[in-house]
There are 2 protein chains.
Amino acid sequence: MDQIPPERGRGRPRTPILTRRRITTAAMDLIQNSGYRSLTMSALANQLGVSASALYNHVGSKRDIMILVQDRVNEEIDCSGFESEEWDVALENWARSYREVYSRNIPLIPVIAVLPVANSPHTLVMYEVVTAGLMKAGWPEPLVVNAVTAVESLVFGSAYDATAPGDIFDPGALNELAPIFAAAVARRNLMLVTDEDGEEARSGADAAFDLGLRCLLAGFREELRTLRQGVAP
Amino acid sequence: MDQIPPERGRGRPRTPILTRRRITTAAMDLIQNSGYRSLTMSALANQLGVSASALYNHVGSKRDIMILVQDRVNEEIDCSGFESEEWDVALENWARSYREVYSRNIPLIPVIAVLPVANSPHTLVMYEVVTAGLMKAGWPEPLVVNAVTAVESLVFGSAYDATAPGDIFDPGALNELAPIFAAAVARRNLMLVTDEDGEEARSGADAAFDLGLRCLLAGFREELRTLRQGVAP
DNA sequence: ACCTGAACACCGTTCAAGT
DNA sequence: ACCTGAACACCGTTCAAGT
């Protein structure tokens, strides 16, 4: 089936030093060790023992590398709940894992959010698992993609939030511009440390995500119930 | 009350060419006319008839300018619903306006999402209106900030989504990796053009945001109802 | 086909020098 | 105090030249 490609020219074929796989792995290592800020074409080339211009024999741009990284990162998202759990529990677990992964990979969000899913195999497999799980649970086919997208939107927004400084809502010197808001922020912060069942203090971002996800899922359940009763047009 | 500041040195005080206000306005003009990509320090300086280094007498960095722009952009968000409407209707209108504004200002999202609200007067006023509206409607004080944050997270994620290409979910050549997902995407697309009450085709991103916002608000209403009945610990 | 090294066209930012 | 002009330390990307 696989034919040995005909050799063009006279030289023997040489095994290339670089492959897209190796470039992706090196990029992941670099990110893991020194963060996205240090992922530059020359740093990446240096890590691979190669000159920066050599990378352009295998990828078209730095954005291409981000896309490769993104597909690999999506493998870390846990979809296992859809095998055994109820759809709403599975969806919640998936959303939590999704948020955790992207709060560690914030610079990927502008990339993935606008990126066609074609050519991203692991991403597609993830969507397949989630879609199949929802449809098996009786979700109507035309709504599934919208529901998944809505959860993703909440996840991306919340991932940003998770990386924000804890005092992001402190009004500071402009306190008198927003007294009611300032009081609510203070009350929220108090709540976070003295949570009834909480030995451990949660962050405001976590509490907001918890509330949002819980209410979104409650709304989903209600939506499904309404649709099943059948609404006459 | 306002005293004329004492003159230091011998020179008479000169009126500066540049102010933070003027810089912000020029930045907004530049963005409006040629987009965020063309907002560079030298282009901005050029627009103001000044050299790039002069800007650093008034702002510490380009990020500072983004923050000034962001506070001005937030003025465009419509909060008027909280004056007259029910809290859920007002919150929905606010979220829709918020998303519309930020889908035109995507590059601000990474800035605002992580930005302390202090020193952003218009942003604070917005939060004040929303918070006051929710609390007047009976929302418990410790939950208000979390609810607002959850809506914002959905809004930011959906704003990204709104700028994505329409065929973002087409599996392309990897179709066989995700057959169930591919079918659901096709079915969704069909739904969009043949919507029962829709003369006008909506985008998938709009449909997803509609579903997400509707369900989130339904969940909020249920949460409030439950809290009002009082749950004994 | 694949890699090197030099060069290009930008960035944001700094700083001595002027007034 | 505020602006200029030159310079700095980077970026991603291109391209002729080598093998």
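Each chain gets a letter, A, B and so on, in the order its sequence line appears, and its residues count up from 1.
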Compare side-chain N and O positions of B:His58 against OP1 and OP2 of D:dC3 and report whether any pair is under 4.0 Å apart. yes
Rounded to the Å, how far apart are [X] [atom1] and [N] [atom2]?
X	N	atom1	atom2	result
B:Asn57	D:dC2	CG	P	7 Å
B:Ile17	D:dC3	CD1	C1'	7 Å
B:Leu55	D:dG5	CG	C1'	14 Å
A:Ile65	D:dT13	CD1	P	8 Å
B:Lys62	D:dC11	NZ	C1'	13 Å
B:Arg63	C:dT13	CZ	C1'	16 Å
B:Leu18	D:dC3	CG	C1'	9 Å
A:Ile23	C:dC2	CD1	P	11 Å

Between atom CG of B:Asn105 and atom OG1 of B:Thr163, what is the distance when rounded to the nearest 0.5 Å? 11.5 Å
OG1 (A:Thr149) and CZ (A:Phe156) are apart, to the nearest 0.5 Å, by 9.5 Å
Please test A:Tyr127 against A:Glu152 for side-chain hydrogen bond (donor to acceptor under 3.5 Å, both in side chains), starting from the C-alpha separation and ending with a verdict. CA-CA 11 Å; A:Tyr127 284 133; A:Glu152 270 188 321; 2.5 Å; yes
Look at the aromatic rings of A:Trp94 and A:Phe82 and report parallel, tilted or perpendicular, splitting at 30° and 60°. perpendicular
B:Val101, B:Ile112, B:Val125 screened by side-chain contact (heavy atoms from CB on, under 4.5 Å) with B:Asn74, the one that passes: B:Ile112
Which dot-bracket string fits DNA chain D when only Watson-Crick or G-U wobble pairs with both atom distances under 3.5 Å count, crossing pairs get [ ], and | stands for a partner on a different strand? ||.|||||...|||||.||
Mind listing the closest non-hydrogen atom pair of B:Ala159 and B:Tyr102 along with its distance? CB-C, 4.0 Å
Cation over ring face, A:Arg188 and A:Phe169, 6.0 Å, 45°: no
A:Asn119, CG: over 12 other non-hydrogen atoms inside 6.0 angstrom: no
Please indicate whether A:Asp210 has more than 12 foreign heavy atoms, meaning atoms of other residues, nucleotides or ligands, lying under 6.0 Å from its CG. yes
Residue closer to the 5' end of DNA chain D, A:Ser61 versus B:Ala54 (nearest nucleotide): B:Ala54
Could you list by number each residue of residues 25-53 of chain B showing a heavy-atom separation from DNA chain D of less than 4.0 Å, or answer none if no residue does? B:Val50, B:Ser51, B:Ser53
